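Let me begin by presenting the structure, written as structure tokens, before commenting on it.
Along the sequence shown, residues are numbered consecutively beginning with 1. Given the structure is predicted, the values throughout are model-derived calculations rather than measurements.
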Amino acid sequence: MLRKMNSRYFALAIGLIVATLLQGCGLFGSKGAASEKQNRRGEVTGVPKRSGWQQALPHQMVPVKAGTFWMGQADEDISLSMSSMNKQVTISEFFMDKYEVSNNKYRQFLESVRMGELALGTPTTQAEPPQFNIEELIPDTTVWTNSFTHHYGDPLMQYYFDHPAFDDYPVVGVSWNQAKQFCEWKSYHMNANDQSEFDMPKFRLPFEAEWEYAAKGGKDIAKYPWGGPYLKNRRGCLMANFKPGRGNYIDDGFAYTAPVDAFAPNGYGLYNMAGNVSEWVEDAYNPAANALVWDMNPTYFDENEPRKVVRGGSWKDVAHYLETSTRNYEYQDLKTAHIGFRTAMTYIGRSGSMSVKSNRRSRR
């Protein structure tokens, strides 16, 4: 019995000694305390307790690694716009929504504003909640009749946004300004309800170059997001929701929009980067933008330009607008039945590493 007790005390003593030695080597997280002591001795070691933050992957977003690609026309410029000339550019890593923003996610935005839930938390870098006018945020459901001449869109006008049958369909009838306000709310909603000491970067609309880079799915030159030059797969099925032929809308399985997870994703795991709904991006439109912007993370800002770039083509467009390089624009206050959006987030970390985790951020 005495031997057993002695052996236990001996093991405990050895454990304490080992723990002390490891702590002295900085293996048990004592770096902050050591830095504080050195600071008190007059050494410059930086502000303590700021290490260990790691950017988490937000819900239903995918990481897009940094890379270089040829931005611009991937096939014949049949519109003769001369607005998508080829240029090699480099893109830093970022996160992008796997799906287009759905009716139900946009409804959460409206409910949060309507119920006054923006004041439930106080982020560290965004002390005051954003101010919204709920009447200016509601999608315009009349686009299902107003966007087309002599078209019976009353059922969609009545049910598309409000009925649960369309919860997983992309939100439409929202302007570029409304999409920007959604990003502002989403940023506050995440940071206000997180327990981390430091905020995540804000959500935003993708830059045009980011969008095209992500649409190519990791391929340097790709006519469509799935890579090949054809609109059908080996089984003869269409690869996206658009207007085949001269008006055979139902040939792809959907007369109007499709659920945000319909059709196969591209190489980055992104759904509907071609067809379904066109997507607002951050950039203002300029036909000569490629010649004006830099070749590292290019983007074209112009607050005085009301035309904003839309990408990807939609359920009502012919195949040309589905090409990854085709550029188009609409006025920023326009609301239509064929334009939606998805969000992006800048990745903060070592370039090209993307060593992110899907769990919540660690607390310090």
Side-chain angles (χ1 to χ4, degrees), residues 61-62 64 69 71-75 77-79 81 83-84 91 94 96-102 147 169-176 179 182-183 204-219 221-229 231 238-244 249 252 254 256-285 289 299 307-330 332 334-344:
M61 297 192 88
V62 299
V64 181
F69 78 112
M71 182 178 180
Q73 207 66 41
D75 202 349
D77 183 12
I78 62 173
S79 62
S81 65
S83 66
S84 188
I91 302 295
F94 62 99
M96 196 172 200
D97 281 344
K98 182 184 297 186
Y99 311 113
E100 295 152 335
V101 174
S102 66
S147 296
Y169 284 65
V171 66
V172 296
V174 292
S175 65
W176 182 84
F182 177 89
C183 294
R204 54 175 172 78
L205 294 178
F207 302 133
E208 183 180 14
E210 286 180 337
W211 193 97
E212 183 172 330
Y213 176 68
K216 292 180 184 294
K219 296 177 173 60
I221 298 177
K223 183 175 180 178
Y224 299 112
W226 46 89
L231 295 167
L238 288 168
M239 300 287 287
N241 179 20
F242 67 109
K243 179 183 176 179
Y249 292 94
D252 53 49
F254 300 93
Y256 295 95
T257 58
V260 295
D261 60 351
F263 302 97
N266 72 355
Y268 285 132
L270 299 166
Y271 288 76
N272 290 302
M273 293 297 285
N276 210 21
V277 291
S278 299
E279 299 176 13
W280 293 112
V281 297
E282 187 76 30
D283 298 50
Y285 178 77
T299 186
R307 297 176 299 175
K308 306 300 179 184
V309 177
V310 293
R311 284 299 202 113
S314 74
W315 59 268
K316 75 168 192 64
D317 293 321
V318 295
H320 167 69
Y321 292 97
L322 272 61
E323 296 179 16
T324 57
S325 58
T326 300
R327 305 182 71 219
N328 201 1
Y329 70 87
E330 292 290 357
Q332 65 185 54
L334 182 71
K335 302 173 185 179
T336 75
H338 64 276
I339 300 179
F341 67 100
R342 72 180 76 211
T343 67

Do the ring planes of Trp315 and Tyr249 sit parallel (below 30°), tilted (30 to 60°) or perpendicular (above 60°)?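 Geometry flag for Tyr249 against Trp315: tilted rings.
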Mind checking whether Tyr213 and Phe69 have parallel, tilted or perpendicular rings, split at 30° and 60°?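 The rings of Tyr213 and Phe69 sit tilted, inter-plane angle from 30° to 60°.
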Tell me the closest heavy-atom pair linking [X] and [Y], and the distance in Å.
X	Y	result
Gly275	Glu100	O-OE2, 3.8 Å
Tyr224	Pro229	CE1-O, 3.5 Å
Lys216	Ile221	NZ-CA, 4.4 Å
Pro244	Phe242	CD-O, 3.0 Å
Met96	Ala214	SD-CB, 3.5 Å
Ser147	Ala337	OG-N, 3.6 Å

Find the distance between [atom1] ([X]) and [atom2] ([Y]) and round it off to the nearest 0.5 Å.
X	Y	atom1	atom2	result
His320	Lys223	NE2	NZ	10.0 Å
Leu334	Lys308	CG	NZ	13.5 Å
Met273	Glu279	CE	CD	5.5 Å
Lys219	Trp226	NZ	CH2	12.0 Å
Arg342	Leu270	CZ	CG	6.0 Å
Phe341	Ser175	CZ	OG	9.5 Å

Main-chain N/O of [Y] paired with [X] side-chain donor or acceptor, under 3.5 Å:
X	Y	result
Trp280	Val174	yes
Asn328	Val310	no
Asn266	Ala215	yes
Trp211	Thr324	no
Asp283	Thr299	no

Evaluate the side-chain proximity of [Y] to [X]: yes if any heavy-atom separation is below 4.5 Å, no if none is.
X	Y	value
Asp252	Phe263	yes
Tyr99	Asp261	yes
Phe254	Pro259	yes
Trp176	Leu205	yes

Can you name the salt bridge (Lys or Arg N to Asp or Glu O under 4.0 Å) partners of [X], sequence neighbours left out?
X	answer
Asp97	Lys186
Glu282	Lys180
Glu210	Arg204

Close aromatic pair by centroid cut-off 6.0 Å: Tyr256 and Tyr169: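 Centroid distance Tyr256-Tyr169: not below 6.0 Å, so no.
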Could you check Met71 against Glu208 for side chain to side chain contact (heavy atoms under 4.5 Å, CB included), going step by step and ending with a plain yes or no? CA-CA 10 Å; Met71 182 178 180; Glu208 183 180 14; 4.1 Å; yes
